Amino acid sequence: MIDVNELRENPDLFRASQRARMADESIVDAIIAADSTRRSALNRFESLRAEQNAFGKKVAVAKGEEKQALLVEVKELAGSVKAAQAESDQAKTEQDALVRSMSNVIEPGVPSGGEDDFETLRHVGEPRDFGAEGFEPKDHLQLGELTGGIDMERGAKVSGARFYFLKGMVARLEIALLRLALDEAISHGFTPMITPTLVRPETMAGTGFLGEHSDEIYHLEEDDLYLVGTSEVALAGYHGDEILDLSNGPVRYAGWSSCYRREAGSHGKDTRGIIRVHQFNKVEMFSYVRIEDAEAEHQRMLAWEEEMLAKAELSYRVIHTAAGDLGTSAARKYDCEAWVPTQGAYRELTSTSNCTTFQARRLNIRERIPGEGGAATKGTRPVATLNGTMATTRWLVAILETHQQPDGSVIVPEALRPYMGGVKVIPVL
RNA sequence: GGAGACGUGCCAGAGCGGCCGAAUGGGCUUCACUGCUAAUGAAGUGUGGGUCCGCCCACCGGGGGUUCAAAUCCCCCCGUCUCCGCCA
């Protein structure tokens, strides 16, 4: 959630951000109006309440007839206090709804526009030239089937469309990838975490996923629990309502979990293979940092993601996502998209977002305000949160296709071999 | 699944419907004292919001209710613990 005081003081910044996102600008003025209504209603209630409190003290010490007289008088006051309180609560609720519906303010330099208006920052590695090598690459599903590693048919039989079995060497490859990702994260100071994948409505709402994208989320009616689409949900909720000590640097967690997505609006899209599925695994970085450190942490996360892509020996490009494609919480987002040979396209493998103080405000996660020499002074302020992908099941698509051989066997990237008992090649069955 | 107990500040732990934002002890910070440490003494030590910057309002797991007035009484929810049952 955005900072209302800042919005009041600098509305143009917020209007510009909304414009860049191609979102409604008028919400800025609506919030300012609702805030002023809220404050005047609150003032009315509080002064009446103060009066009532003062009366209450008199009533407490009065005796007999005097007490009875005071009671009659104060009874009327109690009525107006109640009414003023209702009005004040109402104004607060209205303002809150508006504020919560507004997206984060973008960071400087974020490209304006929608999904296709991203800026390409760089290309790393050359896409493998199968033409020059003289053979037609197979897609990841063909490869998966040839090696006995992916079974979509039985996935559909057991669970329906967009479900799959990973078997044998491909199953091992996924575990190897995730373990490498976790070890990399640990070496960068992240504490490994295995998180709950079912969360309560409050947690889901707190992370901002229950808004526009609520139809993407599985909900268990019987128990009123949600299946998470990423461990970010649990990791952000982890320190909810807490005051953190960031004086020794960022607090970093690497979440390992299954992720569940309904893929509601994507019928007919990516129906082949495991590119877009209802359930997959992911190792996710999540950092709590001081506001001043957020931008630097974001650059670090991007660099760590690129290191992982290098270890998987993939060619990719890095894009700077446009404002309209950021999602509610992010102020800036970088995606790394790997080259998928049979699609002739770059597909997203990682995504790292700087949510600045947006999530922390909503979840009430703060730190003591650092004073001179780093010692905490009076007061608190929200922290910044960031997240980024270390590895997901989808990586298998790019790895299988990129490292395939003419017969359909697949060479295992060197960095993954120690996690596969030294296996160098996934053979055709 | 059944029965019961409990949830108060950084921690432990009191709390009669009004004098309770909350006793007491510990911790922490500052000061004093003592060669140093320890000990001792004194003061301070929650969060959020509003503000005419004097103060004022709210918060005792969460949400409702009763009352002129709720940490305190009533209801619902969440959580923790104990016992019984069930499953492994």
Side-chain angles (χ1 to χ4, degrees), chain A residues 1-9 31-100 196 198-206 210 219-226 233-234 237-248 251 357-383:
Chain A
M1 132 182 116
I2 50 109
D3 182 345
V4 180
N5 292 325
E6 205 187 316
L7 178 137
R8 206 168 52 219
E9 280 160 30
I31 289 174
I32 293 174
D35 187 55
S36 118
T37 307
R38 188 204 109 234
R39 278 185 301 160
S40 62
L42 183 63
N43 273 328
R44 227 172 304 129
F45 159 64
E46 284 193 350
S47 58
L48 280 170
R49 176 63 121 188
E51 209 180 317
Q52 187 190 26
N53 284 347
F55 246 103
K57 289 198 171 115
K58 279 197 265 175
V59 173
V61 292
K63 295 252 156 42
E65 236 173 80
E66 195 192 345
K67 184 162 192 158
Q68 292 313 310
L70 281 169
L71 278 183
V72 172
E73 212 176 324
V74 81
K75 211 158 199 166
E76 201 179 320
L77 184 57
S80 16
V81 169
K82 212 158 215 169
Q85 178 163 33
E87 262 177 60
S88 167
D89 287 350
Q90 172 74 17
K92 168 89 181 143
T93 306
E94 279 167 22
Q95 190 228 21
D96 218 53
L98 275 174
V99 171
R100 278 176 184 270
L198 282 167
V199 300
R200 307 168 53 168
E202 296 81 14
T203 309
M204 202 44 109
L210 270 193
H219 180 227
L220 302 190
E221 199 74 47
E222 282 282 290
D223 302 283
D224 198 15
L225 289 170
Y226 292 89
V233 174
Y238 187 70
H239 283 304
D241 293 315
E242 292 182 22
I243 296 174
L244 300 182
D245 179 4
L246 299 178
S247 58
N248 297 317
V251 171
T357 58
F358 190 86
Q359 277 181 334
R361 254 176 234 287
R362 212 184 256 257
L363 291 162
N364 190 27
I365 305 170
R366 295 162 293 160
E367 66 164 336
R368 306 263 167 219
I369 294 172
E372 293 189 22
T377 55
K378 260 267 184 256
T380 64
R381 63 175 191 174
V383 304

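Predicted model only: the values in this text are computed from it and were never measured. Just so we're on the same page: letters track the sequence lines, and every chain starts at 1.
- Side-chain atoms of A:Thr203 do not come within 3.5 Å of backbone N or O of A:Val199 as any donor-acceptor pair.
- Taken to the nearest 0.5 Å, the CG atom of A:Leu42 stands 10.0 Å off from the CD atom of A:Gln85.
- Across all their heavy atoms, A:Ala84 and A:Leu48 have their closest contact at CB-CD1, 3.7 Å.
- Listed for the A:Ser47 side chain is a donor-acceptor partner under 3.5 Å among the backbone atoms of A:Asn43.
- The gap from the C1' atom of B:U24 to that of B:U30 amounts to 23 Å, rounded to the nearest Å.
- The nearest whole Å value for the distance from the NZ atom in A:Lys92 to the C1' atom in B:G63 is 17 Å.
- At least one side-chain heavy atom of A:Arg8 sits less than 4.5 Å from a side-chain heavy atom of A:Asp35.
- Here, B:A71 and B:A3 have their P atoms 31 Å apart, quoted to the whole Å.
- Rounded to an integer number of Å, the gap from A:Lys57 NZ to B:G21 C1' is 12 Å.
- In this structure, A:Tyr238 places its OH atom where only 12 or fewer heavy-atom neighbours from other residues, nucleotides or ligands lie under 6.0 Å away.
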Find every protein N or O atom lying less than 3.5 Å from an N or O atom of nucleotides 72-79 of chain B, and list the pairs.
from  : atom 1 : to       : atom 2 : distance (Å)
B:C78 : O2'    : A:Arg200 : NH1    : 3.2

_Please encode protein proximity along nucleotides 48-58 of chain B as a string of B, S and -, counting only heavy-atom distances under 4.0 Å._
SBSS----BBS

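- Comparing B:G4 with B:G17, their P atoms are spaced 24 Å from each other, to the whole Å.
- Atom-to-atom, CG of A:Asp241 to C1' of B:C10 comes out at 17 Å; the value is rounded to the nearest Å.
- A distance of about 16 Å separates the P atoms of B:G15 and B:G9, rounded to the whole Å.
- Residues satisfying the side-chain contact (heavy atoms from CB on, under 4.5 Å) criterion with A:Arg366, sequence neighbours excluded, are A:Ile243, A:Asn364, A:Thr380.
- We find the CG-CE distance between A:Leu98 and A:Met1 to be 13.0 Å, quoted to the nearest 0.5 Å.
- Taking atom C1' on both nucleotides, B:C68 is separated from B:G25 by 37 Å, rounded to a whole Å.
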*Where each pair must be Watson-Crick or G-U wobble with both distances under 3.5 Å, what dot-bracket representation of RNA chain B is obtained, with crossing pairs in [ ] and other-strand partners as |?*
((((((((.[[[..)..(.....]]]((((((.......))))))(((((....))))).[[[[[..)....]]]]])))))))....

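- In this structure, the separation between CD on A:Glu87 and OG on A:Ser80 is 11.0 Å, given to the nearest 0.5 Å.
- The backbone N or O of A:Glu94 sits nowhere less than 3.5 Å from a side-chain atom of A:Arg38 that would complete a donor-acceptor pair.
- Annotated as syn: B:G54, whose O4'-C1'-N torsion sits within 90° of 0.
- Taking the P atoms as reference points, B:G61 lies 13 Å from B:C11, given to the whole Å.
- Contacts between residues 75-89 of chain A and RNA chain B, defined by a heavy-atom separation below 4.0 Å, involve A:Lys75, A:Ala78, A:Lys82, listed by number.
- The pair A:Arg368-A:Asp245 fails the salt-bridge criterion, with no side-chain N (NZ, NE, NH1 or NH2) lying under 4.0 Å from an Asp/Glu carboxylate O.
- A distance of 7.5 Å separates CD of A:Glu6 from OG1 of A:Thr357, quoted to the nearest 0.5 Å.
- The separation of B:A14 from B:G63, taken at their P atoms, amounts to 25 Å, rounded to a whole angstrom.
- Listed here is the closest heavy atom pair of A:Leu77 and A:Phe55: CD2-CD1, 3.9 Å.
- Among residues two or more places apart in sequence or in another chain, the side chain to side chain donor-acceptor pair (under 3.5 Å) test is passed with A:Gln52 by A:Arg49.
- Atom name P, nucleotides B:C77 and B:C84: the rounded distance is 26 Å, in whole Å.
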